[in-house]
Number of protein chains: 2
Amino acid sequence: MLSMPSSDARSEASSTVLPASPNETGWQRQGKLWSNLKELCELLRIPTTTLLSDEELLFQHVQFKTGQRIHTIGQPFDTLYVVHSGFLKTVLIDEFGNEQVLSFPMKGDLFGVDGIHTKRHASEAVALSNCDLILLPFKKLTALGRTHAEFEHAMYSVMSRELVREQSMVSMLGALSAEARVARFLVSLSERYAEMGYSSKLFNLRMTRHEIGSYLGLTLETVSRTLSAFNEIGLISVDQRSIGIKDIEALKTLRRLPPSSSRAKQLAARKQKAAAANPSHIASA
Amino acid sequence: MLSMPSSDARSEASSTVLPASPNETGWQRQGKLWSNLKELCELLRIPTTTLLSDEELLFQHVQFKTGQRIHTIGQPFDTLYVVHSGFLKTVLIDEFGNEQVLSFPMKGDLFGVDGIHTKRHASEAVALSNCDLILLPFKKLTALGRTHAEFEHAMYSVMSRELVREQSMVSMLGALSAEARVARFLVSLSERYAEMGYSSKLFNLRMTRHEIGSYLGLTLETVSRTLSAFNEIGLISVDQRSIGIKDIEALKTLRRLPPSSSRAKQLAARKQKAAAANPSHIASA
DNA sequence: CGGAGCCTTGATACCGTTCAACTCAGGTGG
DNA sequence: CCACCTGAGTTGAACGGTATCAAGGCTCCG
C-alpha cells in the first residue's frame with residue numbers, strides 16, 4: 001500500500017484560518033473516506049461510457065487544513081491528487097525563495113502530475129482552505145490503465161487538458177495587458193464556480209492579491225488597482241475578498257481599459273442605461 | 001492504419017528556404033522510412049530497461065519541407081510526432097490572427113500532445129527547416145501501453161516532462177526581465193544543441209527575432225537590442241542568425257543588466273582580463 | 001487595545017513598447 | 001548583370017504601462 005503524504009507540520013496551526021464562507025458550507029467536517037471509480041470519473045469530468053462501477057476499487061480520501069502543504073518540492077512522488085472539496089494553490093519556488101503561483105486547483109481538478117517525470121515533485125501544493133482530497137496512487141492508476149483501455153485514455157486526456165491549460169497561460173502572459181489578464185482571471189473563476197454549482201455572479205476569492213499577482217505575472221498593487229478600476233466603471237463590485245460580477249461579457253472581451261480621463265463619461269453613460277447591454281466601446285481591439 | 005497527415009499545400013513552395021547550414025548536413029535527402037521501438041525510446045531519452053527491441057513494431061517517418069504545416073488548429077487528432085531531425089515551431093493563433101509561439105521542437109522532442117484532450121489539435125506546428133518526423137499513431141501507442149507496462153510509464157513520463165517545461169515557461173514569463181529571458185533562451189538552446197551532438201558554443205538560430213520575441217513575451221526590437229547588448233559586453237557574439245556563446249555562466253545567472261552608463265567600464269574591464277573567469281558583478285540579484 | 005496581514009491609493013521611476021528610419025541579404029525579373 | 005523588391009535585422013527617440021516606494025486604512029485575532 002502507499003504511505004500517507006506527510007501532513008507537514010511545518011505550517012501547523014497556520015496563519016489565518018478563513019471563516020467558513022457561504023460557498024463552503026458544502027464541505028463536511030469529516031468528509032467521506034473512500035470513493036469508487038465511477039465517482040472519481042464524474043469528478044474529473046471524464047466520459048465514463050462503459051460503466052465499470054461494479055468494481056470494488058476504492059480510493060482513499062485525506063483531509064488537509066488551511067495552510068497545510070500537500071507536497072513540497074523535491075519530495076518523492078508516488079501519488080496524484082484530485083480535489084473533492086476545498087481550494088489550493090500550487091507554486092514553484094525560485095532560487096531566491098520567491099513564490100511563483102502556477103495554478104489554483106479546486107473541485108474536480110487533478111494535481112501532482114509534475115512529479116511523474118523525475119519521480120519527485122517539481123512544485124509545492126498548499127491548501128488555501130480546508131480540503132478533502134482523493135489519493136490516486138500512481139502505481140494503481142497505471143495498473144488500472146492496463147486493464148481498462150478507456151480509463152487509460154482518460155488519464156492521457158486529463159494530462160493533455162492540463163498541458164493545454166498551461167499553454168493558454170503562457171499565451172496570456174506573453175500577449176495580454178494587466179487589465180485583460182485580471183479580467184480573464186475573473187471570468188475563469190466565475191465559470192469554475194458555476195461548474196461547481198456555486199453562484200457565478202457573487203463569490204469570495206480564496207487567494208490574496210499577492211497570489212493572484214504572482215499567478216498573472218503582476219504585482220499585488222496592479223491587481224488591486226485593476227480591480228478598483230473595474231469596480232469604478234461598473235464591471236464588477238469589490239469588497240476585499242468578495243467579488244460581484246456585473247458585466248461578464250465586457251470582462252470576456254476586454255483587452256484594454258479606456259484612458260482614465262474618459263472613465264467619468266463611461267460611468268455616467270453606464271448609470272443611465274443601467275443594465276443595458278453590450279458596451280461596444282470597451283471591447284475595442 | 002492511419003491516414004497521412006495533410007502535407008498542407010497551402011504554404012507549398014513556401015517563402016524562404018534556408019540554405020543548408022553546417023549543422024544540418026546530417027539530414028539525409030530521403031531519410032529513413034521506419035524506426036523500431038528501441039530507436040524511438042532512445043530518441044525520446046527514455047530509459048529502456050528491458051529490451052523490447054525484438055518486437056517488429058515499426059513506426060513510419062514523414063518528411064516536411066521548410067514552411068510546411070504539420071498540423072493546424074482544429075484539425076482532427078490521431079497521431080503524435082517525434083522529431084528525428086530538423087527544427088519546428090508550435091504556435092497558437094489568437095482571436096485576431098496574432099501568432100503566439102509555444103515551443104521550438106527539435107531532435108528528440110515530442111509534439112501534438114495538446115490534441116489528445118479534445119481530439120482536435122489546439123495548436124499549429126510549422127517546419128522551420130526541412131524535417132524528418134516519426135509518426136506515432138495514438139491508438140497504436142495506447143495499445144502498446146497496455147501490453148508493456150514500462151512503455152506506458154514512459155508515455156506518462158514524457159507528457160509530465162512537457163508539463164514541467166510549460167510550467168517553467170510560465171514562471172519565466174511571470175517573473176524575469178527581458179534580458180534574463182533572452183539569456184535563458186540562449187542557454188537552453190546551447191544545451192539542446194549539445195545534447196544533439198552539435199556545438200554548444202557556436203550555432204545558428206533557426207527562428208526569426210519575431211518568433212523568439214513571441215516565444216519570450218517580448219517584441220522583436222527588444223530581442224534584437226538585448227542580443228546587441230550581450231554582444232557589446234562580450235557575453236556572446238552575434239551576426240544575424242549566427243550566435244557564439246562566450247560566457248555561458250554569466251548568461252545562466254544573469255538577472256538584470258547593469259545600467260548602460262556603466263557598460264563602458266564593464267567592457268574595458270572585460271577586455272583587460274580577456275578570458276578571465278566569473279564576472280560576479282553581472283550576476284547580481 | 002495593539003499588532004499583523006492584507007488591501008488600497010498616490011507619486012515617481014524605469015523597462016519595454018511603439019513608431020520610424022535605415023541597412024543588409026537574398027531573390028526576381030527586366 | 002544590375003535594379004528592384006521584400007523580409008529580416010538594427011538602432012534611435014519618445015511614450016506609456018507597470019513596478020517600485022511609501023503612507024495609510026481595514027479586519028481579524030491575541
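Labels below follow one simple rule: chain letters A, B, ... track the order of the sequence lines, proteins then strands, and each chain is numbered from 1.
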Separation of A:Asn98 atom CG from D:dT20 atom P, in whole Å?
-> 11 Å
Contact class for B:Gly217 (heavy atom, under 4.0 Å): base, sugar-phosphate, or nothing?
-> sugar-phosphate
Quick note, B:Glu221 side chain, CB onward, closest among D:dT20, C:dC6, C:dC19 is C:dC19
Between D:dG17 (C1') and A:Leu218 (CG): distance, integer Å | 11 Å
Quick one: B:Leu205 CG to D:dG9 P, roughly how many Å, whole number?
-> 8 Å
C:dC7 OP1/OP2 closer than 4.0 Å to side-chain N/O of A:Arg241 = yes
Would you say D:dT10 has OP1 or OP2 under 4.0 Å from some side-chain N or O of B:Arg209?
-> yes
Result of checking A:Ile245, A:Asn231, A:Leu227 against A:Ser237 for side chain to side chain contact (heavy atoms under 4.5 Å, CB included) | A:Asn231
Under 3.5 Å, is there an N or O donor on one side and an acceptor on the other linking the side chain of A:Arg225 and the base of C:dG10?
-> yes
Please work out whether the ring planes of B:Phe111 and B:His71 are parallel, tilted or perpendicular, with thresholds of 30° and 60°.
-> tilted
Proximity to the side chain of B:Ser224 - top-ranked nucleotide from D:dG9, D:dT18, C:dT17 = D:dG9
Checking D:dG12, C:dT8, D:dT10 against the side chain of B:Leu220 (C-beta onward), the nearest is D:dT10
Taking for each residue the nucleotide of DNA chain D with the nearest heavy atom, is it A:Gln240 or A:Val223 whose nucleotide lies nearer the 5' end?
-> A:Val223
Passing candidate, side chain to side chain contact (heavy atoms under 4.5 Å, CB included) with A:Val182, options A:Leu216, A:Leu251, A:Ile212, A:Thr222 = A:Leu216
Closest to the A:Ser228 side chain, choosing from D:dT18, D:dA13, C:dT8 | C:dT8
Whole-Å distance between D:dT10 P and B:Phe230 CZ?
-> 13 Å
For the pair made of CG in A:Leu176 and P in D:dT18, what is the distance, rounded to whole Å?
-> 10 Å
Which listed nucleotide (C:dT17, D:dA8, D:dT10) is nearest to the side chain of B:Val238?
-> D:dT10
From CD1 of B:Ile243 across to C1' of D:dT10 the rounded distance in Å is 14 Å
For A:Leu227, answer base if it contacts any base atom (sugar-phosphate contacts may also be present), sugar-phosphate if it contacts only those atoms, and nothing otherwise; contact means non-hydrogen atoms under 4.0 Å.
-> nothing
What is the ring orientation for A:Phe87 with A:Tyr193, classed by angle as parallel under 30°, tilted 30 to 60°, or perpendicular over 60°?
-> parallel
Taking atom C1' of D:dG7 as reference, at what distance in whole Å does atom CE of B:Met207 sit?
-> 18 Å
Aromatic centroids of B:Tyr215 and B:Phe185 separated by under 6.0 Å = yes
Counting any heavy atom closer than 4.0 Å, what does B:Thr222 reach on the DNA or RNA strands: base, sugar-phosphate only, or nothing?
-> base
How long is the line joining CD1 of A:Ile212 and C1' of C:dC6, in whole Å?
-> 12 Å
